[in-house]
Amino acid sequence: MEKNVNLDPHGEMLLQQFHELRPKLDQVAEESYGLLCQALREQGIYVTAIEHRVKTEQSLIGKLELKGAKYKTIEDITDLVGLRIITFYTDEVDKVAAIAKRIFNIDWQESVDKRKHQLNVFGYNSLHYICQLKSGGPRFELQMRTALQHVWSTIEHDIGYKGVVKMPPEYRRQFNRLAGMLELADDEFSRLRTVLTNHRRQIQSLVKNGQLDNVPLSVDSFRSYLELNPFDRLNNRIAAVNQAEIYPVSLMPFLPVLESFGLESLGDVQHFIEDNSDDAYQLALSQLAVTDLDILSSIVALQYLCLVHVLKHDGGRDGLKFIYDTINGVSDANGMLADMMLEQAATMPFMHKTES
């Protein structure tokens with residue numbers, strides 16, 4: 001190894017130790033990264049990024065120039081291997097930390113939680129663990145922070161906020177205000193997710209308990225409602241016409257159709273089913289009885305319910321085409337389907353009922 005003119009003999013010794021240790025450092029970096037990825041996947045925790053690296057020689061030389069005397073051996077430097085996990089939400093940092101405590105040995109004396117600092121150091125609010133593989137080997141640093149904390153840290157580094165030049169008071173004030181705004185945003189995103197999660201759980205509970213009139217119709221509530229299989233009875237009744245099989249497909253595309261009918265709650269959807277099921281069956285029977293179809297999709301019941309609703313409420317060709325366009329994609333062929341449906345439905349009894 002060539003002598004580095006910027007290092008004293010002790011620094012040269014540490015650099016030589018680094019070269020000898022490098023294969024082991026590469027192994028630790030890969031193994032720790034693999035363990036973290038596997039554990040996050042098993043726990044169902046989705047992070048925005050997970051990074052790992054071994055410190056470059058040039059970076060190490062710079063560190064040794066500044067404070068090489070601080071270290072007796074190269075293994076006293078705890079960030080030769082570094083990993084960083086960037087989460088979306090603040091509470092997920094603690095979840096990642098819990099995983100790290102389970103799969104690694106943690107040096108608590110060297111680890112530090114920087115999340116309780118002043119606003120003007122928001123970007124450094126990471127949680128830093130000094131870790132070691134359970135099998136031993138060199139220690140490494142694991143940084144855990146949110147995406148906003150990471151962005152702020154990058155900005156601080158880019159504009160040299162931590163540099164030797166003192167920042168003028170008016171700029172420091174702006175910097176602190178921005179830091180506070182980002183910290184508030186970080187907390188609010190986590191709070192909002194908690195609120196929405198609780199709301200979804202409440203909706204699921206109301207649906208499960210049959211309190212459908214109290215549940216507004218929405219993407220989440222309709223998805224929960226579908227778990228009750230509310231269209232299975234009519235699907236099976238229609239399938240029995242030709243002894244057909246039912247194969248499952250998503251019914252979520254029908255949500256905008258139901259909303260266009262003015263349905264506002266799951267109770268409205270339930271009444272919609274009850275009011276139209278017999279007529280939907282008769283319409284399906286009139287079409288399927290003359291075919292030999294033996295496979296039907298699980299949308300068949302809801303589709304006929306929607307068609308009947310449009311026909312009974314004088315939605316005409318445009319209303320029928322809207323259903324076909326929503327389910328099949330916009331196409332001129334859907335106009336032809338609407339015309340055929342109008343012609344075939346003309347003789348159905350429900351088309352000639354009068355309001356009492």
Around atom [atom1] of [X], are there more than 12 heavy atoms of other residues, nucleotides or ligands at under 6.0 Å?
{"X": "R233", "atom1": "CZ", "answer": "no"}
{"X": "E343", "atom1": "CD", "answer": "no"}
{"X": "E245", "atom1": "CD", "answer": "no"}
{"X": "M252", "atom1": "CE", "answer": "yes"}
{"X": "N229", "atom1": "CG", "answer": "yes"}
{"X": "Q109", "atom1": "CD", "answer": "no"}

[Y] and [X], any side-chain heavy atoms less than 4.5 Å apart:
{"X": "F88", "Y": "F189", "value": "no"}
{"X": "T87", "Y": "M144", "value": "no"}
{"X": "F261", "Y": "V310", "value": "yes"}
{"X": "Q16", "Y": "M13", "value": "no"}
{"X": "K101", "Y": "W108", "value": "yes"}
{"X": "R193", "Y": "E92", "value": "yes"}
{"X": "Q143", "Y": "L127", "value": "no"}
{"X": "L288", "Y": "L293", "value": "yes"}

What heavy-atom pair brings [X] and [Y] nearest, and what distance separates the two atoms?
{"X": "F231", "Y": "A301", "result": "O-CB, 3.9 Å"}
{"X": "D325", "Y": "S331", "result": "OD1-N, 3.4 Å"}
{"X": "F18", "Y": "K55", "result": "CZ-O, 3.3 Å"}
{"X": "T326", "Y": "P256", "result": "CG2-CG, 3.9 Å"}
{"X": "I50", "Y": "C37", "result": "CD1-SG, 3.9 Å"}
{"X": "L133", "Y": "N105", "result": "O-ND2, 3.7 Å"}

query = Of all residues at least two apart in sequence or in a different chain, which pass the salt bridge (Lys or Arg N to Asp or Glu O under 4.0 Å) check with D278?
reply =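 In terms of salt bridge (Lys or Arg N to Asp or Glu O under 4.0 Å), with neighbours along the sequence ignored, D278 is linked to R237.
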Do side-chain atoms of [X] reach the backbone of [Y] as a donor and acceptor pair under 3.5 angstrom?
{"X": "D8", "Y": "G11", "value": "yes"}
{"X": "H313", "Y": "H309", "value": "yes"}
{"X": "S190", "Y": "T90", "value": "yes"}
{"X": "N328", "Y": "N334", "value": "no"}
{"X": "S298", "Y": "V249", "value": "yes"}

inquiry  = Tell me which pairs pass side chain to side chain donor-acceptor pair (under 3.5 Å) where either residue lies in residues 66-76, with sequence neighbours left out.
reply    =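 Qualifying pairs: none.
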[X] and [Y]: same hydrophobic cluster, using ILVMFWY side-chain contacts below 4.5 Å?
{"X": "V330", "Y": "M340", "value": "no"}
{"X": "F272", "Y": "L266", "value": "yes"}
{"X": "L320", "Y": "L337", "value": "yes"}
{"X": "I103", "Y": "L142", "value": "yes"}
{"X": "L80", "Y": "L66", "value": "no"}

inquiry  = One thing to verify: whether R53 and E141 come together as a salt bridge, which I'm taking to mean a side-chain N less than 4.0 angstrom from a carboxylate O.
reply    = no
task = Determine, for D318 against K321, whether the closest basic-nitrogen to carboxylate-oxygen distance falls under 4.0 angstrom.
result =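 Answer for the salt bridge query: no.
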From [atom1] ([X]) to [atom2] ([Y]), nearest 0.5 Å:
{"X": "M341", "Y": "Y324", "atom1": "CE", "atom2": "OH", "result": "3.5 Å"}
{"X": "L296", "Y": "T291", "atom1": "CG", "atom2": "OG1", "result": "8.0 Å"}
{"X": "Q303", "Y": "S297", "atom1": "CD", "atom2": "OG", "result": "7.0 Å"}
{"X": "H150", "Y": "E51", "atom1": "NE2", "atom2": "CD", "result": "5.5 Å"}
{"X": "H19", "Y": "L25", "atom1": "NE2", "atom2": "CG", "result": "11.0 Å"}
{"X": "L217", "Y": "E264", "atom1": "CG", "atom2": "CD", "result": "9.0 Å"}

message = Against Q43, only a single residue in R102, Q38, K95 fulfils side-chain contact (heavy atoms from CB on, under 4.5 Å); can you say which?
response = R102
Between [Y] and [X], do the side chains contain a donor N or O and an acceptor N or O under 3.5 Å apart?
{"X": "Y129", "Y": "E110", "value": "no"}
{"X": "D186", "Y": "T146", "value": "yes"}
{"X": "S218", "Y": "S221", "value": "yes"}
{"X": "D294", "Y": "N242", "value": "no"}

ask   = What's the verdict on side-chain contact (heavy atoms from CB on, under 4.5 Å) for M348 and S286, showing C-alpha distance, side-chain angles and the deciding distance?
value = CA-CA 9 Å; M348 300 299 299; S286 70; 4.0 Å; yes
Parallel, tilted or perpendicular: rings of H52 and Y33 (30°, 60°) =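 Correct class here is parallel.
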message = Students often mix this up, so state it plainly: with edges at 30° and 60°, are the rings of F104 and F140 parallel, tilted or perpendicular?
response =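 Rings of F104 and F140: perpendicular, over 60°.
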Trace of the side chain to side chain donor-acceptor pair (under 3.5 Å) decision for Y225 with Q270 = CA-CA 10 Å; Y225 180 63; Q270 190 66 32; 2.5 Å; yes
message = Between I273 and L234, is the side-chain contact (heavy atoms from CB on, under 4.5 Å) condition met? List the steps.
response = CA-CA 9 Å; I273 295 173; L234 182 55; 5.8 Å; no
query = For V195, which residues count as a side chain to side chain contact (heavy atoms under 4.5 Å, CB included) partner, sequence neighbours excluded?
reply = R191
ask   = Which of these, D107, D79, T78, sits in a side-chain hydrogen bond (donor to acceptor under 3.5 Å, both in side chains) with R139?
value = D107
key: I130 and I106: CA distance, side-chain angles, deciding distance, side-chain contact (heavy atoms from CB on, under 4.5 Å) verdict   = CA-CA 6 Å; I130 303 303; I106 310 298; over 6 Å; no
query = Hey, mind stepping through V54 and R22 against side-chain contact (heavy atoms from CB on, under 4.5 Å) and telling me if it holds?
reply = CA-CA 8 Å; V54 175; R22 181 59 193 260; 3.5 Å; yes
